[in-house]
Amino acid sequence: MIQERAGSDMPGVIFQALARARKQHMLTELANRGLGDLGNPVLLFLLKEREGQVSSQKVLSDALRISPASVAVSLKSLERGGYVEKLPGEADQRRKAVRLTNKGREALETCFQIFQQVDRQMFDGFTSQEMEQVRAFHLRMLHNLRGSLTTERMDCSC
């Protein structure tokens, strides 16, 4: 009854359930491949994207739109696992720059493969036309929601 109503009256509920199911599937696959300790792999993707640039906790928290404390906890876990390393800042020894290790780069490649695998499974049976429609709908929804955000929040890539 609730699912039927949610489908017609509250499509956001189904969208949220889909996002949770996708995330759970990815976390399960990460654990199956020995990467259950990664936590949130998005931080690794961001570090890869910023490779060659100084990535402090503050810069990372701003880019991810999460608190510096959350980034600190995630980074500590990733550092313990050997996925990232913290280096003293060049200009300020108190600030730590964060970068991927070789183990982090390898884990990132596995994450990318898992994300592709999960997405292929999620879209199994969709035609290329349907895939383009889904993409167009998602982009329009993002545009609709971001239109109500303040300017400084519009660059959020999450």
Side-chain angles (χ1 to χ4, degrees), residues 1-7 10-87 96-143 145-146 153 155-158:
M1 173 75 165
I2 291 177
Q3 282 186 333
E4 290 173 13
R5 182 168 181 200
M10 300 183 307
V13 172
I14 291 174
F15 195 76
Q16 186 176 24
L18 174 63
R20 277 194 314 264
R22 181 177 181 266
K23 181 179 180 178
Q24 187 57 49
H25 197 83
M26 286 185 194
L27 292 175
T28 299
E29 285 299 314
L30 285 169
N32 289 343
R33 296 202 195 178
L35 296 174
D37 61 339
L38 277 182
N40 186 355
V42 174
L43 192 51
L44 293 180
F45 281 101
L46 180 59
L47 286 169
K48 176 66 176 165
E49 182 181 291
R50 296 186 47 80
E51 214 159 34
Q53 302 174 48
V54 175
S55 295
S56 66
Q57 288 182 194
K58 171 79 170 112
V59 168
L60 296 172
S61 70
D62 287 348
L64 292 173
R65 302 291 183 204
I66 59 176
S67 72
S70 294
V71 169
V73 169
S74 294
L75 285 176
K76 182 172 267 192
S77 175
L78 290 171
E79 188 177 24
R80 242 188 338 263
Y83 300 106
V84 301
E85 60 185 349
K86 292 181 185 176
L87 307 166
K96 301 288 185 193
V98 182
R99 72 174 180 197
L100 287 172
T101 62
N102 287 336
K103 181 179 179 180
R105 284 184 199 85
E106 291 171 11
L108 190 58
E109 183 57 37
T110 301
C111 286
F112 185 72
Q113 292 169 3
I114 289 170
F115 290 5
Q116 286 182 318
Q117 171 191 334
V118 170
D119 284 349
R120 275 193 304 272
Q121 181 178 354
M122 183 170 64
F123 290 109
D124 186 40
F126 282 63
T127 66
S128 58
Q129 182 181 6
E130 289 170 328
M131 289 295 297
E132 185 53 39
Q133 286 177 318
V134 168
R135 181 182 177 280
F137 290 146
H138 285 170
L139 288 173
R140 188 175 355 157
M141 287 185 277
L142 280 171
H143 174 76
L145 291 174
R146 287 183 175 165
R153 295 285 302 198
D155 66 348
C156 178
S157 60
C158 48

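Heavy-atom neighbours of Lys76 NZ from other residues, nucleotides or ligands within 6.0 Å: at or below the threshold of 12. Within 6.0 Å of CZ on Phe123 lie more than 12 heavy atoms contributed by other residues, nucleotides or ligands. Heavy-atom contacts from other residues, nucleotides or ligands closer than 6.0 Å to CD of Gln116 number more than 12.
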Next item on the list: Could you give me the CA-CA distance, side-chain angles and deciding distance for Leu43 and Leu38, then say whether side chain to side chain contact (heavy atoms under 4.5 Å, CB included) is met?
Entry: CA-CA 9 Å; Leu43 192 51; Leu38 277 182; over 6 Å; no
Notebook entry, point to check: How far apart are the C-alpha atoms of Phe15 and Phe137, what are their side-chain angles, what is the distance that settles it, and do they pass the ring-ring contact (aromatic ring centres under 6.0 Å, His included) test?
Noted result: CA-CA 12 Å; Phe15 195 76; Phe137 290 146; over 10 Å; no
Next item on the list: Step by step, work out the side chain to side chain contact (heavy atoms under 4.5 Å, CB included) result for Met122 and His25.
Entry: CA-CA 10 Å; Met122 183 170 64; His25 197 83; over 6 Å; no
Item checked: From CA spacing to verdict: side chain to side chain contact (heavy atoms under 4.5 Å, CB included), Val71, Lys58 -> CA-CA 8 Å; Val71 169; Lys58 171 79 170 112; over 6 Å; no
Checklist line | Test salt bridge (charged side-chain N to carboxylate O under 4.0 Å, His left out) applied to Glu85 and Arg99, step by step | finding: CA-CA 6 Å; Glu85 60 185 349; Arg99 72 174 180 197; 2.6 Å; yes
Check: Which is it for Gln24 and Thr28 under the side chain to side chain contact (heavy atoms under 4.5 Å, CB included) test, yes or no, and what are the steps along the way?
Finding: CA-CA 6 Å; Gln24 187 57 49; Thr28 299; 3.5 Å; yes
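Of all heavy-atom pairs spanning Gly34 and Tyr83, the tightest one is O-OH, 4.4 Å. When all heavy atoms of Leu44 and Ala107 are compared, the pair lying nearest together is CD1-CB, 4.5 Å. Between Gln57 and Ala72, the shortest heavy-atom contact is NE2-CB, 3.5 Å.
Between Leu35 atom CG and Ile114 atom CD1 the span is 6.0 Å, to the nearest 0.5 Å. Here the CD1-OG distance, from Ile66 to Ser74, works out to 5.5 Å after rounding to the nearest 0.5 Å. Atom CG in Leu18 sits 14.0 Å away from atom NZ in Lys23 (nearest 0.5 Å). Annotation: the span from Asp37 atom CG to Ser77 atom OG amounts to 6.5 Å, rounded to 0.5 Å. Interatomic distance, Arg22 CZ to Phe115 CZ, rounded to the nearest 0.5 Å: 7.0 Å.
Here the side chains of Gln16 and Val13 are not in contact, with every heavy-atom distance at 4.5 Å or above. Residues Leu60 and Leu75 have side chains in contact (heavy-atom distance under 4.5 Å, counting atoms from C-beta outward).
Arg50 and Ser55 share a donor-acceptor pair across their side chains, judged by distance under 3.5 Å alone.
Side chain of Arg105 to backbone of Thr101: a donor-acceptor contact under 3.5 angstrom is found. A donor-acceptor pair under 3.5 Å is formed between the side chain of Lys103 and the backbone N or O of Gly81.
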